[in-house]
> 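Quick one: the structure is below, questions incoming.
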Amino acid sequence: MSVSGMKKQLHKASQLLNERLMGAEGTKMDDDFLKMEKSVAVIHSLLAELLSKTTEFLQPNPADRAKLSMLNTMSRIRGQGKSVGYPQTEGMLGDCMLHYGQELGAASEFGGALSGVGEALQQVAQARDALDVNVKHTFIDPLQDLHNTELKDIRYQLKKLNGRRLDFDYKRRRRGKVPEEEVRQALDKFMTSKELAEKSMFILLQNDVDQLSRLAALVAALLDFHRNAHRILLGLHGNLQARLTAASNKPERRFRPKKIRIRSEHNGSIGFYHQPSVTATVSSADSKLVLDQPCCRAMYSFHPNRDGELDFSEGDIIILTKQVDANWYEGTLGGQSGLFPVSYVDVLVPLPLP
C-alpha cells in the first residue's frame, strides 16, 4: 500500500472512532436509500438461508450430504465425469423389499408383492432424483448466481461507499487544514459511489419477475414429482388389491400328516412315520363363493339379543357393507342384513378405503 493510501485508511479510521466514541455525526443517507439498503440486507440473509434449507429439503441426511460432497470432489480431482447420486430413502427401502421378495421366490404371494412394491419405490426414488436435478437447475443455481454476482457487487459498492463517506466526513471536519479541492474531490467520489450503489439496489429490488419465476419453477418441479409419485403408487395400489383378491380366492390349505416307510435297523421290518404335508381343502360353501367383494368368515357363532344385529354360525361367509366403528361391522347373509362384532369374524376381502 502506498503512503497516500495508508494515510487515507488512517483518516477513515480516525473518523470512525470519532463517530463511535466521541459521538461525531457523519453524513446521513436519505430515507429511500436506507430503506433499499435494509431490503438488500434482508435478501442477502434470505438467500443464504434459503439455499441451505432447500438443499436440506432435497437431501435431509447431513452425513450422506457430506459423504456425497466428498465423493464428487474426489471424482472431479480424478477427472471422472459421472458424479455419485444422493441415496434416496425410497430407493433404499425399495432395494430391501426387492431383495427379500426375490429371496422368497415367485411361488410366494408375499414375495411377489414385496418385489412389486420394491420396484415401485425404486421408480419413486428415480423421480426424486429427477426432482433434485430439476430444482438445482431451475431454483438453486439461479439463486446462487444472484448471491455470488449481483448481491456481492452491491455489498462491495456499499462497503466502498461507506469508506468514501468516512473520507469525505474526515476532510470536511478538518476543513481549513485540508485543501478545499481535496474536500470537493472527496464529495464527488462519495456522490458517485452513492449513485452506483443506489442504482444497483434499485435494479435488484425491482426485478420481482425473475424471483417469482424461480419460485414458480420450484413449485412446478415439486408438482411434477408428486404427480409421478402418485401415478406410480396408484398403479402399485391397484396391483396389490388384485393380488389380495387373488390370494383371498385361493382354497384353504390345511395341515395333514403323511406316512412314509422306514426300515428298522434291528430286524429289517418296515414301519410308518407320519410326515407333515399340506393339502388343499375347500368347504362346499366356499367352493361356490367367488371372493370378488368385501367379505369375512365367521370364527364363532353369533346369536343376537337385539334387533338390527345379524345372526350367523361359525364358518358362514358374510358380505361386508360397511364398518360402523372400531367394534362393529354391518353385513348381509342369506338375504338378511345387520350388525355384528368385529372380533367374531376373520376378514377375507377388506372394505375399500374411504
> Nearest heavy-atom pair of Thr332 and Ser337: which atoms, and what distance?
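Minimum heavy-atom contact is CG2-OG, 2.8 Å.
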> Report the residues that fulfil side chain to side chain donor-acceptor pair (under 3.5 Å) with Asp32, sequence neighbours left out, ordered by chain and then residue number.
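Testing Asp32 for side chain to side chain donor-acceptor pair (under 3.5 Å), a comparison that skips the adjacent residues, returns none.
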> Could you tell me whether a side-chain N or O of Ser52 sits under 3.5 Å from a main-chain N or O of Ala48, the two making a donor and an acceptor?
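No.
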> With side chains defined as the heavy atoms from C-beta onward, is the minimum distance between Val345 and Arg297 less than 4.5 Å?
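Side-chain contact under 4.5 Å: no.
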> Mind checking salt bridge (Lys or Arg N to Asp or Glu O under 4.0 Å) for Glu314 and listing every partner two or more places apart, or none if nothing turns up?
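So Glu314 forms no salt bridge (Lys or Arg N to Asp or Glu O under 4.0 Å) with any residue.
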> Indicate every side-chain donor-acceptor pair of residues 91-100 with a distance under 3.5 Å to a residue at least two apart or in another chain.
{"unit_1": "Asp95", "atom_1": "OD1", "unit_2": "Gln122", "atom_2": "NE2", "d": "2.5"}

> Please report the interatomic distance CD(Glu49) to CG(Leu47), rounded to the nearest 0.5 Å.
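So the gap between those two atoms works out to 11.0 Å.
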> List the atom pairs, donor and acceptor, that lie under 3.5 Å between side-chain atoms in residues 179-187 and the rest of the protein, sequence neighbours left out.
{"unit_1": "Glu181", "atom_1": "OE1", "unit_2": "Arg184", "atom_2": "NE", "d": "3.3"}
{"unit_1": "Glu181", "atom_1": "OE1", "unit_2": "Arg184", "atom_2": "NH2", "d": "3.4"}
{"unit_1": "Glu181", "atom_1": "OE2", "unit_2": "Arg184", "atom_2": "NH2", "d": "2.3"}
{"unit_1": "Glu181", "atom_1": "OE2", "unit_2": "Gln185", "atom_2": "NE2", "d": "3.3"}
{"unit_1": "Arg184", "atom_1": "NH1", "unit_2": "Asp188", "atom_2": "OD2", "d": "2.9"}

> Return the set of residues passing ring pair (Phe, Tyr, Trp, His ring centres under 6.0 Å) with Phe312 (not counting sequence neighbours), or none when no residue passes.
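Expected list: Phe302, Phe340.
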> My understanding is that only residues two or more places apart in sequence, or in another chain, count here; which of them pass salt bridge (Lys or Arg N to Asp or Glu O under 4.0 Å) with Asp31?
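None.
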> Mind listing the side-chain donor-acceptor pairs of residues 213-225 below 3.5 Å, one per line with the distance, residues two or more places apart or on another chain?
{"unit_1": "Ser213", "atom_1": "OG", "unit_2": "Val209", "atom_2": "O", "d": "3.4"}
{"unit_1": "Ser213", "atom_1": "OG", "unit_2": "Asp210", "atom_2": "O", "d": "2.6"}
{"unit_1": "Arg214", "atom_1": "NH1", "unit_2": "Gln211", "atom_2": "OE1", "d": "2.8"}

> Please tell me whether Ser193 and Arg164 have a donor and an acceptor in their side chains that are separated by less than 3.5 angstrom.
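Yes, Arg164 and Ser193 have a side-chain donor paired with an acceptor closer than 3.5 Å.
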> Which pairs of donor and acceptor atoms, one on a side chain in residues 146-158, lie under 3.5 Å apart (sequence neighbours left out)?
{"unit_1": "Asn148", "atom_1": "OD1", "unit_2": "Gln144", "atom_2": "NE2", "d": "3.3"}
{"unit_1": "Asn148", "atom_1": "ND2", "unit_2": "Gln144", "atom_2": "O", "d": "3.3"}
{"unit_1": "Thr149", "atom_1": "OG1", "unit_2": "Asp145", "atom_2": "O", "d": "2.5"}
{"unit_1": "Asp153", "atom_1": "OD2", "unit_2": "Gln157", "atom_2": "NE2", "d": "2.9"}
{"unit_1": "Gln157", "atom_1": "OE1", "unit_2": "Ala197", "atom_2": "N", "d": "3.4"}
{"unit_1": "Gln157", "atom_1": "OE1", "unit_2": "Ser200", "atom_2": "OG", "d": "3.1"}
{"unit_1": "Gln157", "atom_1": "NE2", "unit_2": "Ser200", "atom_2": "OG", "d": "3.4"}

> Hey, can you pull the donor-acceptor pairs under 3.5 Å for the side chains in residues 128-137, sequence neighbours left out?
{"unit_1": "Arg128", "atom_1": "NE", "unit_2": "Glu90", "atom_2": "OE1", "d": "3.3"}
{"unit_1": "Arg128", "atom_1": "NE", "unit_2": "Glu90", "atom_2": "OE2", "d": "3.0"}
{"unit_1": "Arg128", "atom_1": "NH2", "unit_2": "Glu90", "atom_2": "OE2", "d": "3.1"}
{"unit_1": "Asp129", "atom_1": "OD1", "unit_2": "Gln88", "atom_2": "NE2", "d": "3.0"}
{"unit_1": "Asp132", "atom_1": "OD2", "unit_2": "Gln88", "atom_2": "NE2", "d": "3.0"}
{"unit_1": "Lys136", "atom_1": "NZ", "unit_2": "Asp141", "atom_2": "OD1", "d": "3.2"}
{"unit_1": "Lys136", "atom_1": "NZ", "unit_2": "Asp141", "atom_2": "OD2", "d": "3.4"}

> List the atom of Val342, the atom of Ala326, and the distance in Å for their closest heavy-atom pair.
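What the structure gives for the nearest pair is CG2-O, 3.7 Å.
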> Show the numbers, then the answer: is there a side chain to side chain contact (heavy atoms under 4.5 Å, CB included) between Tyr86 and Asn61?
CA-CA 9 Å; Tyr86 180 82; Asn61 190 317; 3.2 Å; yes
> Please name all residues satisfying side chain to side chain contact (heavy atoms under 4.5 Å, CB included) with Asp346, sequence neighbours left out, ordered by chain then number.
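Asp346: side chain to side chain contact (heavy atoms under 4.5 Å, CB included) contacts with Met299, Leu348.
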> For Thr192, give me all partners under side chain to side chain contact (heavy atoms under 4.5 Å, CB included), at least two apart in sequence or on another chain.
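Result, side chain to side chain contact (heavy atoms under 4.5 Å, CB included) vs Thr192: Leu196.
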> Residues in salt bridge (Lys or Arg N to Asp or Glu O under 4.0 Å) with Glu198, at least two apart?
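For Glu198, the residues satisfying salt bridge (Lys or Arg N to Asp or Glu O under 4.0 Å) (neighbours in sequence not counted) are Lys194.
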> Okay, side chain of Asp169, backbone of Leu166: is any donor-acceptor separation there less than 3.5 Å?
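Absent.
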> Rounded to the nearest 0.5 Å, how far does CZ of Phe168 lie from OG1 of Thr27?
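If I round to the nearest 0.5 Å, the distance is 5.0 Å.
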> Which heavy atom of Cys296 sits nearest to which heavy atom of Val347, and what is that distance?
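Reported closest heavy-atom pair: CB-CA, 3.7 Å.
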